[in-house]
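When a residue number appears, it is its place in the shown sequence, counting from 1. From a predicted model like this one, the values you see are computed outputs, not experimental measurements.
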Amino acid sequence: MASGQRERAQAAAITPGRRSSEAEGEAVAASPAERVRALFGGHRLSPAQRRIAQFLTDHLTEAAFLSITELAERVGVSQPSVTRFASSLGFSGYPALREALQPIALSAVAGAPGEGEERHRNELQSAIDAEIENLTSLRRALADPDRILGIGRELARSVPLTVVGLRISVSLAEYFAYAARRIHPDVRVVTRGGSVAYDGLLQAREAGGTWVLAFAMPRHAKETLAVVRAARGVGLRVALITDLALGPLAEEADEVITAGTGSRLVFDSYAAPGVLSAGILQAMADADPERTQTRLEKYEHASEQYDFFLDD
């Protein structure tokens, strides 16, 4: 096989029940900037709120002692925006948030580990560092891959398999479906809500499908929740890849697999959901190795016959 994809599929087969000793090791002490980011973690922030969060992280030792007026002027937002930001994090107001930040700032002044490095990172480096944290968290969660292997088996058995992704999640759904078609005989994609989505789900169920794989990245769309409910309504089971383990979407799904999204820039990034998607594809390939090999060989033959790719 020219591309080596079949060999990669075999060599990368996931070993069930294997745990990493690193995943069970002791946690390393967090730096002040990491402690500040922990205050923001798990909260969906607007673009203006992200600017405030970024300023507080990058200028911690100064920002933790600014008044609300001074902080708003430095960031370039209104005072009500600062108040709403503090409230969105669960604080009673900006004074309570500042009170939580000041001990962290003082520890930074005292020379907490890694603060010098934090101070010299630009916004893009900070965004990449946040994604590395998401990948590290996902790595710990997948120390025992048995659950992913089980989901992969169920998705592999569902013929047809429906993949759902609306709005910002379309790209993840289309990536997954594109790759899954290499190893699965019938993969269907739903990227529109409403009656169009319902038609696709109903047809998939009537054709013998049993599972839907849905992607739901923030901001979570109401129409995604409607599609998940519609899938359950026609008798399909739903595996959901999302960033939150709790909430209406998670409550409707049969299986929920979480992966953090990067939220340090104006628009989110999806390193961890992308790796998780590739892992589920690998689990699907492992579930039926003979079918995987046959389909990859056929695809490679077609790609050579019709000259799909450049000779890199």
Side-chain angles (χ1 to χ4, degrees), residues 12-20 23 41-42 44 130-158 161-180 183-184 187-191 201 209-221 224-225 227-232 236-263 268-288:
I14 301 169
T15 303
R18 183 173 62 194
R19 284 189 171 273
S20 167
R44 300 313 309 170
E131 284 287 40
I132 290 172
E133 292 175 12
N134 287 335
L135 288 167
T136 300
S137 177
L138 179 63
R139 185 178 185 274
R140 286 194 295 266
L142 298 182
D144 183 354
D146 287 348
R147 182 162 172 255
I148 295 299
L149 288 169
I151 293 171
R153 282 193 296 269
E154 294 298 330
L155 298 180
R157 291 170 184 158
S158 179
L161 170 64
T162 304
V163 182
V164 171
L166 309 182
R167 292 185 177 268
I168 200 70
S169 302
V170 167
S171 60
L172 288 167
E174 290 185 336
Y175 157 75
F176 189 95
Y178 177 85
I183 59 174
H184 189 286
V187 179
R188 307 180 184 187
V189 187
V190 172
T191 57
L201 295 169
T210 54
W211 278 85
V212 168
L213 176 66
F215 291 87
M217 298 295 113
R219 298 168 65 186
H220 306 104
T224 301
L225 178 59
V227 170
V228 169
R229 285 173 172 166
R232 296 288 301 277
L236 292 163
R237 302 187 71 188
V238 177
L240 176 69
I241 294 180
T242 188
D243 63 314
L244 297 176
L246 302 174
L249 280 164
E251 291 171 3
E252 294 290 339
D254 296 280
E255 295 282 355
V256 179
I257 319 107
T258 59
T261 58
S263 59
D268 290 346
S269 53
Y270 304 111
V275 172
L276 177 58
S277 297
I280 293 175
L281 286 164
Q282 181 66 49
M284 289 175 61
D286 294 349
D288 193 339

Criterion side-chain contact (heavy atoms from CB on, under 4.5 Å) on Y270 and S277, from CA distance to verdict: CA-CA 11 Å; Y270 304 111; S277 297; over 6 Å; no
In sequence, state the C-alpha distance, the side-chain angles, and the governing distance for L135 and V275, and then conclude on side-chain contact (heavy atoms from CB on, under 4.5 Å). CA-CA 8 Å; L135 288 167; V275 172; 3.7 Å; yes
side-chain contact (heavy atoms from CB on, under 4.5 Å) for T210 and E154? Distances and angles first, verdict last. CA-CA 8 Å; T210 54; E154 294 298 330; 5.6 Å; no
What verdict does the side-chain contact (heavy atoms from CB on, under 4.5 Å) test give for I148 and I280, after you've listed the backbone C-alpha separation in whole Å, the side-chain angles of each residue and the deciding distance to 0.1 Å? CA-CA 6 Å; I148 295 299; I280 293 175; 4.2 Å; yes
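V228 approaches A214 most closely through the heavy-atom pair CG2-CB, 4.4 Å. Nearest heavy-atom pair across E131 and A272 is OE1-N, 4.4 Å. Between A231 and L201, the shortest heavy-atom distance links the atoms N-CD1, 3.7 Å. Between L161 and W211, the closest heavy-atom pair is CD1-O, 3.7 Å. Taking both residues in full, the closest heavy atoms of A216 and L249 are given as CB-CD1, 3.7 Å, listed atom of the first, atom of the second, then distance. The two residues V170 and G165 come nearest to each other via the heavy atoms CG2-O, 3.2 Å.
Residues D268 and M217 are not in side-chain contact: their nearest non-hydrogen atoms beyond the backbone lie 4.5 Å or more apart. No side-chain heavy atom of I241 sits less than 4.5 Å from a side-chain heavy atom of L172. Considering only heavy atoms from C-beta on, L225 stays 4.5 Å or farther from H220 through its side chain. Using a 4.5 Å heavy-atom threshold, the side chains of R232 and V212 count as separate. In this structure, F176 and V189 have side chains that are not in contact, with every pair of non-hydrogen atoms separated by 4.5 Å or more.
Here R147 contributes atom CZ and L142 contributes atom CG; the two are 9.5 Å apart, rounded to the nearest 0.5 Å. To the nearest 0.5 angstrom, L281 atom CG is 11.0 Å from D286 atom CG. The CG atom of L236 sits 12.5 Å away from the CG atom of L213 when rounded to the nearest 0.5 Å. Annotation: the span from L155 atom CG to R237 atom CZ amounts to 10.5 Å, rounded to 0.5 Å.
Without hydrogens or angle criteria, H184 side chain to S158 main chain gives a donor-acceptor distance under 3.5 Å. A donor-acceptor pair is defined here as one N or O able to donate and one able to accept, closer than 3.5 Å; no such pair exists between the side chain of S137 and the backbone of E133.
Electrostatic pairing of R157 and D288 does not count as a salt bridge here, judged by no charged N lying under 4.0 Å from a carboxylate O.
By the salt bridge (Lys or Arg N to Asp or Glu O under 4.0 Å) test, R153 pairs with no residue at all, sequence neighbours left out. With sequence neighbours left out, the side-chain contact (heavy atoms from CB on, under 4.5 Å) criterion links A141 to no other residue.
Residue pairs meeting the side chain to side chain donor-acceptor pair (under 3.5 Å) criterion with at least one partner in residues 163-177, sequence neighbours excluded, are R167-E223.
Shown are D243, T261, T242, L138; of these, the side-chain contact (heavy atoms from CB on, under 4.5 Å) with P273 is made only by T261.
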